[in-house]
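Structure first, then comments.
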Amino acid sequence: MANHSATHPKHVHHHFVDSNQQFESAKLGMWVFLVNEILFFGGLFCAYIVFRAWYPELFTQAALELNTFWGAVNTVVLIGSSLTVAMAIRSAQNNQKRGLEINLLITILLACVFLVIKYFEYEHKLHLGIAPGTFWNPTPEIAAVLDHPKANIFFGIYYMMTGVHGLHVIVGIGLMIWLYMRARKGHFNSEYYTPVEITGLYWHLVDLIWIFLFPLLYLIE
Amino acid sequence: MANASTSASSAASTPMKLKVKQFQPAQTPTNTYLTDEKGVWAWLTTVDHKKIGLMYLGSVAFFFALAGFLAIALRTELWTPAKTFIEADTYNQLFTLHGAMMVFFVLVPSIPAALGNFILPMQLGAKDVAFPRLNLASFYIYVFGAIFTFLSLANNGFDTGWTFYTPYSSDTNSAGIIWVTLGVFILGFSSILTGTNFITTIHKLRAPGISWERLPLNVWALYATSIIQVLATPVLAITILLLAMENILDIGIFDPALGGDPVLYQHFFWFYSHPAVYIMIVPGFGIISEVITTFSKKTIFGYWAIALSSLAIAFIGFLVWGHHMFTSGQSAVATTIFSFLTFLVGIPTGIKIFNWVATLYRGSISMKTPMLYVFIFIFLFSIGGFTGIMLGALSVDIHLHDTYYVVAHFHYVMMGGTLIALLAGLHYWWPKMTGKMYNEPLAKIAAGFIFIGFNVTFLPQFIMGAQGMPRRYYNYIDQFTPFHQTSTIGSYILALGFLIILYYLAHSLFKGKKAGPNPWNSRGLEWQSTSPPDFHNFSHTPVVIHGPYDYHQPMEEFQLGLAVEHGHGEEHLAADTTGSKAAEATIA
Ligand code: HEM
Ligand SMILES: [Cu+2]
């Protein structure tokens with residue numbers, strides 16, 4: 001019964017009865033994984049809430065050091081990439097090989113733009129001595145405005161949250177490159193586009209998390 | 001209805017007819033999963049859930065032996081009130097290592113990843129878990145995590161206790177702590193992957209006819225466990241990651257010297273680790289339910305009560321973590337609420353015990369080794385549970401917290417519960433996994449050693465603890481000497497029991513009698529295949545028309561499978577009119 005019978009398409013693994021079952025399983029598996037991701041970030045959000053409740057004035061003060069403009073640009077960039085990834089799925093469903101490739105490429109590009117902007121933000125802060133933990137050493141001008149004794153904690157949380165999120169973006173780029181290469185080889189069509197679909201799900205979550213991070217970190221009044 | 005043969009739940013509403021045939025498993029199979037692919041490399045790269053399960057079993061046994069060996073060293077050190085043979089610092093490292101290995105490397109993966117991996121797809125009539133490659137990945141992640149832990153030993157080790165409480169764990173400048181926390185972090189992923197895999201498998205890969213109300217209770221238990229794994233483990237992951245960062249970078253979230261909060265660490269840690277005790281015990285409940293019906297030859301009493309109480313435990317288990325922190329300076333309101341919720345967990349647990357006992361009532365009980373372990377389980381776990389309730393009572397816990405009483409409590413639940421259940425399951429499914437029987441009289445003797453040894457080891461610890469002997473102490477006052485010495489002697493008896501098991505299981509592998517497909521005459525689906533099963537578990541796609549514990553139904557009706565094998569579901573929907581008894585089955 002291991003043999004692929006005529007009705008058992010090549011992409012269906014031997015232990016599934018049919019393509020549909022495989023697709024449904026992959027999707028459910030990804031959803032479960034996303035729940036798990038939410039709890040993973042949930043821990044960080046929880047730490048954020050606790051410290052914000054304790055030191056509200058710290059958060060208002062420290063948020064001023066973050067560049068709202070570039071944060072907003074990055075938000076738009078990621079939302080855009082969520083759109084293109086959705087369009088990539090649509091193209092795969094409609095057998096549009098070219099559309100799939102282009103949309104994947106744009107998504108990869110946008111994700112890279114996000115990282116580059118993030119890099120410059122980090123770079124700027126490190127330059128001012130607003131560094132995590134042991135390396136915390138703000139310049140005198142910064143220290144004059146950022147005079148809260150626990151300021152390092154805000155940035156500890158900031159680096160952890162954006163850092164872990166950034167890692168997810170990098171993983172996403174890797175996945176998208178893999179998809180692109182498979183798409184070039186014509187692996188996907190309206191019958192089989194499971195990897196595109198579930199990577200898309202993942203990417204939406206990465207985007208969504210940023211949509212929470214942005215106001216929580218940058219837009220504190 | 002294109003996938004009618006897969007999603008039995010959609011079939012639940014509309015009864016459908018399948019063309020079926022009776023498949024009697026061969027007494028001595030010619031082609032099994034063990035003979036299918038040979039060689040070390042084939043094992044190491046296999047995606048077969050059965051082999052992966054066995055590899056997990058082997059690793060778990062290895063770590064159990066290692067951590068058990070440390071335990072014997074610890075107990076031996078405690079023979080005298082002062083130094084017996086190891087230094088205090090070494091002692092601290094040893095109990096930490098013992099605890100961390102037993103929890104993270106033995107108990108958490110033991111039942112789900114080892115036995116569960118093997119049995120779950122078979123109980124669902126599936127050919128494999130939903131994601132076989134992830135399953136293999138999870139095994140290697142586990143190995144990887146273990147390597148990190150060993151690297152930590154090479155880097156000064158760690159002596160924080162398995163709970164890694166801050167600020168001690170963040171201030172101790174030992175590379176060992178960083179390595180071990182990363183190891184535990186990595187290990188978490190293996191647990192998450194197993195959970196994700198099981199949830200998907202249970203939802204999507206059930207054979208025709210296995211509706212939710214026909215799921216074996218072992219599957220329900222693994223389902224509840226998987227949910228906890230997926231919801232709790234990521235919180236441990238982030239906690240451990242923050243702890244590692246605290247150690248490497250001093251980010252200041254948990255370290256009071258930098259403005260952080262060590263109690264926040266405890267909240268995070270126990271938010272995972274209390275549910276984690278259910279990751280350890282709930283699969284044990286599943287095994288007990290299976291074994292108890294098989295050896296009582298009787299339908300389980302209160303199927304839904306047992307199935308749903310697993311889910312209830314999973315749910316309430318998330319709300320009680322604060323009972324580990326009654327003395328950590330939580331608010332009085334929080335402690336009271338946590339105490340109340342802790343009492344609530346006792347209810348679903350009690351429901352299970354009552355249902356098991358009711359199952360025994362008027363059953364035709366055969367006292368085979370697995371059943372013997374069930375009785376040991378009920379006895380020991382009840383003691384563990386009751387003492388847990390006592391610890392949940394605020395005023396009592398203030399006195400007993402961090403004493404040997406707590407040590408005794410969690411050994412009664414973790415060893416007396418989980419590990420005994422694991423032994424029950426191991427003996428129960430051993431013939432299925434290996435195709436061989438073990439030496440029954442020796443097995444019973446070993447069970448006797450374990451039962452006696454266990455109680456001799458841990459009962460005195462309740463008394464010592466109540467009298468004020470603190471846990472994790474290297475020295476003690478003379479007054480406790482007799483208790484400690486009794487406990488040490490008990491641990492030797494216990495060890496002897498495990499050595500006997502090791503002996504007769506190894507013997508059975510090579511010289512054991514052939515088991516035949518169903519030595520216990522069970523109605524469970526996994527017993528309707530050959531022993532050992534073939535690579536795809538069954539030679540046919542099973543069709544299930546009865547619940548797994550319907551001992552009043554004839555055996556033939558549990559041996560049905562699709563008459564025609566095709567890649568697609570539609571063909572076999574046609575009603576068959578050949579008139580033979582098993583030629584047509586209506587699955588509702
Ligand atoms: C009826 C169920 C249970 C109740 C009411 C209960 C209650 C408690 C309480 C209140 C404590 C804290 C004692 C203290 O530190 O002062 C505790 C500790 C502990 N329990 Fe349970 N428990 C239950 C079941 C379990 C199970 C099933 C397991 C594991 C399989 C378990 C494992 C542990 C462990 C490991 C500790 C000690 C943690 C440490 O190192 O501090 N418990 N339990
Ligand atoms: Cu607990």
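Residue numbering restarts at 1 for every chain, and letters A, B, ... go by the order of the sequence lines.
- Note on B:L231, B:D250, B:I238, B:I248: by heavy-atom pairs under 4.5 Å with chain A, the leading option is B:I238.
- The minimum heavy-atom distance between A:E24 and B:K204, with the atom names listed, is OE1-NZ, 3.4 Å.
- Counting heavy-atom pairs closer than 4.5 Å to chain A, the top residue among B:L242, B:N197, B:L134, B:V235 is B:L242.
- The part of A:Y55 that comes within reach of chain B is its side chain, from C-beta onward, which places non-hydrogen atoms under 4.5 angstrom from that chain.
- Across every non-hydrogen atom of B:P234 and A:L39, the tightest pair is CG-CB, 3.7 Å.
- Looking at every heavy atom in both residues, B:I253 comes nearest to A:F51 through O-CZ, 3.2 Å.
- At most 12 heavy atoms of other shown residues, nucleotides or ligands fall within 6.0 angstrom of atom CZ in B:F315.
- Here NE2 of A:H14 is found 5.0 Å from CZ of B:F535. Values are rounded to the nearest 0.5 Å.
- In terms of heavy-atom proximity, A:S25 sits nearest to B:L205 at OG-CD1, 3.8 Å.
- Counted within 6.0 Å of CZ on A:R90, heavy atoms from surrounding residues, nucleotides or ligands total 12 or fewer; the atom is thus considered open.
- Tested against A:F40 for a side-chain contact (heavy atoms from CB on, under 4.5 Å), the candidates B:I192, B:L241, B:L236 yield a single pass: B:L241.
- For the atom pair CZ of A:F16 and NZ of B:K127, the computed distance is 10.5 Å after rounding to the nearest 0.5 Å.
- For B:H536 and A:H15, the ring centers sit 6.0 Å or farther from each other.
- Looking at B:A126, neither its backbone nor its side chain comes within 4.5 Å of chain A, counting heavy atoms on both sides.
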- So A:C46 and B:F268, side-chain contact (heavy atoms from CB on, under 4.5 Å) or not? Walk me through it. CA-CA 9 Å; A:C46 188; B:F268 274 27; 3.8 Å; yes
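- With a threshold of 4.5 angstrom between heavy atoms, B:N537 does not approach chain A through any atom at all.
- Residue B:L258 comes nearest to A:N152 through the heavy atom pair O-ND2, 3.9 Å, listed as atom of the first residue, atom of the second, then distance.
- Across A:W54, A:F135, A:F33, the residue that shares the most heavy-atom pairs under 4.5 angstrom with chain B is A:W54.
- Contacts of A:W136 with chain B are absent, with no heavy-atom separation under 4.5 Å from either backbone or side chain.
- Options A:V32, A:L44, A:N36 differ in how many heavy-atom pairs under 4.5 Å they form with chain B, and the most are formed by A:N36.
- B:I251 and A:P132 make their closest contact through CG2-CB, 4.5 Å (heavy atoms, listed as atom of the first residue, atom of the second, distance).
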